[in-house]
Amino acid sequence: MGPLADAYLDRIGYRGDVAPSAEVLGALHRAHLATVPFENFDVHLDAVVPLDRATILDKVVVRRRGGYCYELNTAFAELLGALGFDVTLACAAICDRDEADPHWGNHLALLVRVGGGTWVADVGMGQGFLDPLPLRAGRHDRGGFDFEVAPDDDWWIGMHRHGRLPGYRLREEPVDLASFQPLHRFQTTAPESPFVRLVMAQRPHDDHVLTLVGTRLTSDGPAGRVETALDTHTEYAAVLAERFGVPTAEVDTARLHRIAHASTTAHAG
């Protein structure tokens, strides 16, 4: 291992075996999701980082921040590659299953070839699977969360019913990070982008998905849904730190709470 892998493993609190295998991939995937949240705060704090590997790794590993799919899956691919895994970036399209013209490139996932099989890894989905999914047709029940992998002209990766998104289409051909640059610009600057309209964070757990949109915190899973309003800055900052692991020294939480409160009010109206 090198300095990148050592620092990354420390970031996600992983102390186990690192020799490439399906089991190690699963353990790393879970460790990442338990420590690095899906969040789009930089979009609202005028601090969006360029879509290059060095800057992304600095944000996720050194500054201990979260991010969204282009950032988180790029960073995780760098860790896997440093550990000797065969990993490639994969172009995906978050959409309805029957959508005729999906917006390819609005999501980035990973394909990892290990143990004689190919696995879909995705630490940038927010509501997604804790364990990588085998790239073969089947349904996968994870503690009441039901995921589906289905072949078509491409692949359908279906999400459970407790999240905000139905799933995504996935292509197997390897792609370069630069191919996502136009969509990265759109996602972070276009008024119609949900990342621009909403302040959000998510983290999947074994029995629920924790979602923060604006100042509304929801826990949703097979056991039911609980929603809480974070009306004060103190409540909001505490949730960021304690429930999502966001280093509040790195984020202007007072400004973010004001923006989140305004977006919640506008969305409710």
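Source: prediction; values computed, not measured.
Applying the salt bridge (Lys or Arg N to Asp or Glu O under 4.0 Å) rule to Asp58 yields no partners; only residues at least two apart in sequence or on another chain are considered. Arg139 meets the salt bridge (Lys or Arg N to Asp or Glu O under 4.0 Å) test with Asp146, Glu148; sequence neighbours excluded. Applying the salt bridge (Lys or Arg N to Asp or Glu O under 4.0 Å) criterion to Arg53, with sequence neighbours excluded, gives Glu78.
Between the side chains of Glu227 and Thr218, no donor N or O sits under 3.5 Å from an acceptor N or O. Of the N and O atoms on the side chains of Asp122 and Tyr168, at least one donor lies less than 3.5 Å from an acceptor on the other residue. For the residue pair Asp52/Thr55, the side-chain donor-acceptor check at 3.5 Å is satisfied. Of the N and O atoms on the side chains of His233 and Thr253, at least one donor lies less than 3.5 Å from an acceptor on the other residue. His184 and Tyr68 share a side-chain donor-acceptor pair at under 3.5 Å.
Cation-pi geometry between Arg171 and Trp155 is not met: the NZ or CZ atom fails to fall both under 6.0 Å from the ring centre and inside 45° of the normal.
In the hydrophobic cluster analysis, where Ile, Leu, Val, Met, Phe, Trp and Tyr join through side-chain heavy atoms closer than 4.5 angstrom, Val18 is grouped together with Phe85.
Heavy-atom neighbours of Arg30 CZ from other residues, nucleotides or ligands within 6.0 Å: above the threshold of 12.
Lys59 and Asp42 are joined by a salt bridge, as a carboxylate oxygen and a charged side-chain nitrogen come within less than 4.0 angstrom of each other.
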